Amino acid sequence: MGAQLLDGAAVARAIRAEVAGEVEEYRRRRGSAPKLVAVLVGDDPASTVYVRNKVAACGEVGLRSEEVRFPATVPQEVLLDRIGALNADPDVDGILVQLPLPKGLERIPVLLAIDPQKDVDGLHPANSGRLLMNLPAPVPCTPAGVIELLDRYRIPIRGRRAVIVGRSEIVGKPLAVLLLQRDATVTICHSKTDDLPGVTRQADILVAAIGRPAFIRAEHIRPGAAVVDVGINRVDDAGLAASYLGKDSPRLRLMRERGFVLIGDVHPVEGMAQAGHLSPVPGGVGPLTIACLLRNTLRVARARREGAAR
Ligand code: NAP
């Protein structure tokens, strides 16, 4: 028996349809739709695709958007000046800076430079502080997507043991806060955790946000657990890909055409065999991250222009 797949793409479509309806209503009320500006520094292929997908998704739900590009060699002050100009531009509702930044640029000053009222990724300390205090704030998109996925599949959170592997500011830490707010008993693991399989096997809900392909194996998963795989890892070695996907997987053909395949942090075959629910990669958390970004853009626009709760 295999795990039930948590179809993030389907949940994302539902959220996008909801957002599209609300954007249309906003546009009728105010004359124009909210506008998101995505800042891309450098030409990292994955970041370029993420930004392109985010801008395209805006168009699909009726949001206005703009991509601002800088070379990887841009001086930090130039980047900060541009963010300052976007903060001051009344036509801009949401600003995101695609992470990671190229070497030589510091992430924290860039995140601090974004007006918290326009911070659609919810990464400014003013917003992460509000999240910690349970006050309305834009919630980081990937953790928000994980909660949406659990909720829409009616996977109970309250009272359950949730284990998150990964403690990044973007995923692990804010997700721990969200799960705690929903009355889960939360454990965060990281690279220094002793006996990782012993800890993760206690999880009713296991979230992997590590950045290592197929790292979570059968030994890490309690049989029947709900497993959410946040990882997105490009694997371009055909032998490795076959070891993760099985040598007969149709995805190997795609790999030969494209030169790489996306593998999550959970071993796809062992995860399917051991978990009760599993989010696939691709098609799991990734589409939800974008759907939650669209919703955040609408929410920050309403909050800033109309005083609605974020
Ligand atoms: P990150 O900042 O690199 O953090 C990785 C975390 O994993 C760190 O806390 C690290 O521990 C932990 N870790 C690394 N090796 C480990 C090990 N052997 N055992 C236990 N923990 C270990 O990564 P991130 O930005 O959170 O991203 C994680 C993954 O999610 C990546 O694949 C990324 O591409 C993906 N992602 C996907 C989306 C989406 O939309 N689906 C969004 C964001 C990120 P230490 O803190 O001790 O170093």
Side-chain angles (χ1 to χ4, degrees), residues 6-9 11-12 15-16 38 44-54 56-57 96-101 103 106-108 111 120-123 128 139-150 163-179 186-203 206-217 219-221 227-236 244 260-268 271 278-296:
L6 299 172
D7 186 349
V11 174
I15 294 173
R16 281 155 81 135
D44 172 71
S47 294
T48 306
V49 171
Y50 291 149
V51 168
R52 191 195 306 144
N53 289 347
K54 288 171 184 179
L96 75 83
V97 178
Q98 185 64 39
L99 300 175
L101 290 169
K103 282 203 178 62
E106 286 178 61
R107 181 174 57 100
I108 303 280
L111 295 181
V120 282
D121 273 337
L123 297 176
S128 42
V139 176
C141 304
T142 302
V146 172
I147 299 290
E148 282 289 347
L149 197 56
L150 296 172
V163 176
I164 303 164
V165 189
R167 56 176 163 181
S168 70
E169 258 100 59
I170 301 176
V171 188
K173 284 184 195 169
L175 180 58
V177 175
L178 292 176
L179 287 166
V186 182
T187 302
I188 309 181
C189 301
H190 46 76
S191 65
K192 311 295 183 295
T193 297
D194 263 348
D195 184 20
L196 184 69
V199 180
T200 57
R201 265 201 314 272
Q202 295 177 22
L206 175 60
V207 183
I210 308 163
R212 293 179 171 222
F215 180 85
I216 297 292
R217 312 286 302 250
E219 60 163 348
H220 294 92
I221 303 171
V227 179
V228 180
D229 189 352
V230 174
I232 301 178
N233 308 290
R234 281 181 179 228
V235 172
D236 53 16
Y244 299 146
F260 69 91
V261 68
L262 294 179
I263 300 286
D265 289 344
V266 178
H267 192 289
L278 175 65
S279 69
V281 176
V285 176
L288 281 166
T289 296
I290 295 189
C292 291
L293 170 71
L294 303 173
R295 192 169 60 187
N296 276 357

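In each ligand, atom 1 is the first atom listed, and ligand 1 is the first ligand listed. The model shown is predicted, which means the values in this text are computed figures rather than measured ones.
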Give me the residue, atom name and distance of the protein heavy atom closest to [atom].
{"atom": "atom 11 (O) of ligand 1", "answer": "S191 N, 3.2 Å"}
{"atom": "atom 13 (N) of ligand 1", "answer": "I210 CG2, 3.6 Å"}
{"atom": "atom 20 (C) of ligand 1", "answer": "H190 O, 3.1 Å"}
{"atom": "atom 17 (C) of ligand 1", "answer": "F215 CZ, 3.7 Å"}
{"atom": "atom 8 (C) of ligand 1", "answer": "R167 N, 3.9 Å"}
{"atom": "atom 4 (O) of ligand 1", "answer": "S168 CB, 3.9 Å"}
{"atom": "atom 34 (O) of ligand 1", "answer": "I232 O, 3.3 Å"}
{"atom": "atom 37 (C) of ligand 1", "answer": "V230 O, 3.1 Å"}

- Query: Quick one: does A209 get a heavy atom under 4.0 Å from ligand 1?
  - Reply: yes
- Please state whether Y50 comes within less than 4.0 angstrom of ligand 1, counting heavy atoms only. no
- Donor-acceptor pair, side chain of S279 and main chain of D229, under 3.5 angstrom: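 Answer holds: yes.
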- Query: Do N296 side-chain atoms and V139 backbone N/O form a donor-acceptor pair below 3.5 Å?
  - Reply: yes
With heavy-atom distances below 4.5 Å as the criterion, would you say the side chains of [X] and [Y] are in contact?
{"X": "Y244", "Y": "N233", "value": "no"}
{"X": "D265", "Y": "V165", "value": "no"}
{"X": "L99", "Y": "L123", "value": "yes"}
{"X": "I147", "Y": "L175", "value": "yes"}

Per-atom contacts of ligand 1 with [X], taking only distances under 4.0 Å to non-hydrogen atoms:
{"X": "G286", "value": "40 (O), 41 (N)"}
{"X": "G166", "value": "6 (C), 7 (O), 9 (O)"}
{"X": "V165", "value": "20 (C), 21 (N)"}
{"X": "V171", "value": "26 (O), 43 (C)"}
{"X": "G211", "value": "28 (C), 29 (C), 31 (C), 32 (O)"}
{"X": "N233", "value": "32 (O)"}

- Interatomic spacing from CG in N53 to OG1 in T289 - rounded to 0.5 Å: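 Spacing of CG (N53) from OG1 (T289) equals 11.5 Å.
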- Report the distance from atom CZ of R295 to atom CD1 of I290, rounding to the nearest 0.5 Å.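 Answer for the CZ-CD1 pair, R295 versus I290, is 14.0 Å.
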- Task: Decide if atom CG of D194 counts as having more than 12 heavy atoms of other residues, nucleotides or ligands within a radius under 6.0 Å.
- Result: no
- Looking only at distance, does T289 have an N or O less than 3.5 Å from an N or O of ligand 1? yes
